[in-house]
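Below is one structure, written out as structure tokens; the observations come after it.
Protein chains get the first letters and strands the later ones, always in sequence-line order, with residue 1 at the start of each. Hydrogens, waters and symmetry mates are skipped; everything else that's a heavy atom, side chains included, is used. Just so you know, these numbers come straight off a predicted model, no measurement behind them.
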Amino acid sequence: AQTVTQSQPEMSVQEAETVTLSCTYDTSESDYYLFWYKQPPSRQMILVIRQEAYKQQNATENRFSVNFQKAAKSFSLKISDSQLGDAAMYFCAYLSNFGNEKLTFGTGTRLTIIP
Amino acid sequence: DVKVTQSSRYLVKRTGEKVFLECVQDMDHENMFWYRQDPGLGLRLIYFSYDVKMKEKGDIPEGYSVSREKKERFSLILESASTNQTSMYLCASRNTGAGGELFFGEGSRLTVL
């Protein structure tokens with residue numbers, strides 16, 4: 001079974017600075033997807049960014065980018081120019097591409113933005 | 001706007017009561033999921049359904065059952081609520097297919113006294 005580990009329960013960053021959230025995973029599969037989801041306080045979870053394992057290029061969505069290291073099974077999220085609205089719980093998730101529709105989530109990182 | 005709607009944001013129930021949590025999606029998704037979210041434990045899958053009347057156990061199905069009589073609706077049932085089922089419950093849906101995004105409801109916070 002796949003596992004996803006987020007070793008930073010809490011992180012904080014000054015507004016306008018850059019922060020990196022860590023995620024590692026364990027799998028024997030070669031084809032899969034990785035995701036970062038954001039859960040703002042009292043609001044629903046939304047997708048931040050998605051990475052396909054067979055693509056070497058790191059995914060980027062505006063101020064959000066990932067550092068995908070397949071051999072190391074590492075998938076970190078970098079948030080540039082942090083904004084107050086980035087304050088949230090961030091979850092890393094894994095999805096197999098072999099017929100299993102279930103996502104496996106990490107335990108989450110609570111990000112605080114310091115004004 | 002695509003939507004996953006959970007019937008109750010907050011519920012308070014007593015030990016032993018039967019609890020129904022309802023979830024409706026308007027995106028015609030095949031797959032629907034119930035997760036439980038607890039601090040320090042992240043999201044854990046309770047049950048999921050890949051088609052009407054079809055269901056599969058997730059990682060923590062004990063004490064729960066589900067029903068999917070229509071494609072758009074997926075219900076989570078606690079037959080006899082216990083205090084250790086106090087939690088946030090999240091419903092989600094997605095299409096079958098590679099890498100499809102998971103869409104979440106706002107969550108139902110259940111307190112069992």
Side-chain angles (χ1 to χ4, degrees), chain A residues 1-10 21-25 29-55 59 61 66 68 75 88-110, chain B residues 1-6 9-10 23-27 29-51 54-61 66 68 74 87-109:
Chain A
Q2 293 82 21
T3 58
V4 177
T5 302
Q6 293 179 250
S7 59
Q8 307 154 314
E10 296 184 353
L21 308 184
S22 301
C23 173
T24 58
Y25 58 95
E29 298 172 341
S30 59
D31 196 7
Y32 50 86
Y33 292 82
L34 296 164
F35 305 82
W36 278 98
Y37 279 87
K38 170 186 177 181
Q39 186 181 40
S42 301
R43 293 177 60 190
Q44 67 201 101
M45 190 105 63
I46 57 172
L47 177 66
V48 175
I49 200 164
R50 168 176 37 207
Q51 175 78 42
E52 300 170 71
Y54 63 85
K55 286 190 176 179
E61 289 286 343
V66 298
F68 174 49
F75 182 61
M89 282 290 289
Y90 286 83
F91 292 94
C92 179
Y94 173 101
L95 174 66
S96 169
N97 201 26
F98 292 102
N100 183 335
E101 299 293 332
K102 302 186 294 183
L103 271 77
T104 300
F105 286 84
T107 52
T109 297
R110 182 175 302 280
Chain B
D1 248 3
V2 294
K3 227 172 176 179
V4 178
T5 304
Q6 295 184 229
R9 291 293 305 273
Y10 301 95
C23 176
V24 176
Q25 51 98 0
D26 65 0
M27 295 164 281
H29 286 164
E30 293 90 355
N31 304 288
M32 296 188 74
F33 304 82
W34 277 105
Y35 285 91
R36 172 175 170 161
Q37 182 179 4
D38 298 289
L41 298 177
L43 276 72
R44 294 178 292 167
L45 182 64
I46 304 172
Y47 267 98
F48 74 102
S49 169
Y50 52 90
D51 201 351
M54 306 303 288
K55 62 185 179 185
E56 279 199 28
K57 293 180 180 179
D59 301 316
I60 52 164
V66 291
R68 192 163 180 206
F74 191 36
S87 188
M88 170 70 84
Y89 292 89
L90 298 178
C91 177
S93 72
R94 62 183 290 267
N95 260 333
T96 298
E101 179 179 351
L102 197 60
F103 292 89
F104 284 87
E106 291 187 315
S108 298
R109 182 165 295 283

* Structure fact -> The interface call for B/Arg109 against chain A, heavy-atom contacts under 4.5 Å, is neither
* Mind checking which of residues 36-43 of chain A sit less than 4.5 Å from chain B, heavy atom to heavy atom? -> A/Tyr37, A/Gln39, A/Ser42
* Asked: Hey, are the side chains of A/Leu103 and B/Arg94 touching, using non-hydrogen atoms and a 4.5 Å cut-off?
  -> yes
* Structure fact -> Value for CG (B/Leu90) from CZ (A/Phe105), rounded to nearest 0.5 Å, stands at 8.5 Å
* **A/Gln8: partners by side chain to side chain contact (heavy atoms under 4.5 Å, CB included), with sequence neighbours left out** => A/Met11, A/Leu21, A/Ser22, A/Thr109
* To do: Measure distances from B/Leu43 to the heavy atoms of chain A and classify the residue's part below 4.5 Å as side chain, backbone, both or neither.
  => both
* Asked: If you round to the nearest 0.5 Å, how far is CD of B/Glu101 from CD1 of A/Ile46?
  -> 9.0 Å
* Partners of B/Ser87 by side chain to side chain contact (heavy atoms under 4.5 Å, CB included), sequence neighbours excluded? -> B/Arg36, B/Asp38, B/Tyr89
* Toward chain A, the part of B/Phe33 with a non-hydrogen atom under 4.5 Å -> side chain
* Structure fact -> Residue set satisfying side chain to side chain contact (heavy atoms under 4.5 Å, CB included) with B/Val24, at least two apart, ordered chain then number -> B/Glu72, B/Arg73
* To do: Check whether B/Gln37 gets within reach of chain A through its side chain, its backbone, both or neither, counting any heavy atom under 4.5 Å.
  => side chain
* **Inter-residue atom distance B/Leu102.CG - A/Met45.CE, 0.5 Å rounding** => 8.0 Å
* Over 12 non-hydrogen atoms of neighbours within 6.0 angstrom of CZ in B/Arg44 -> yes
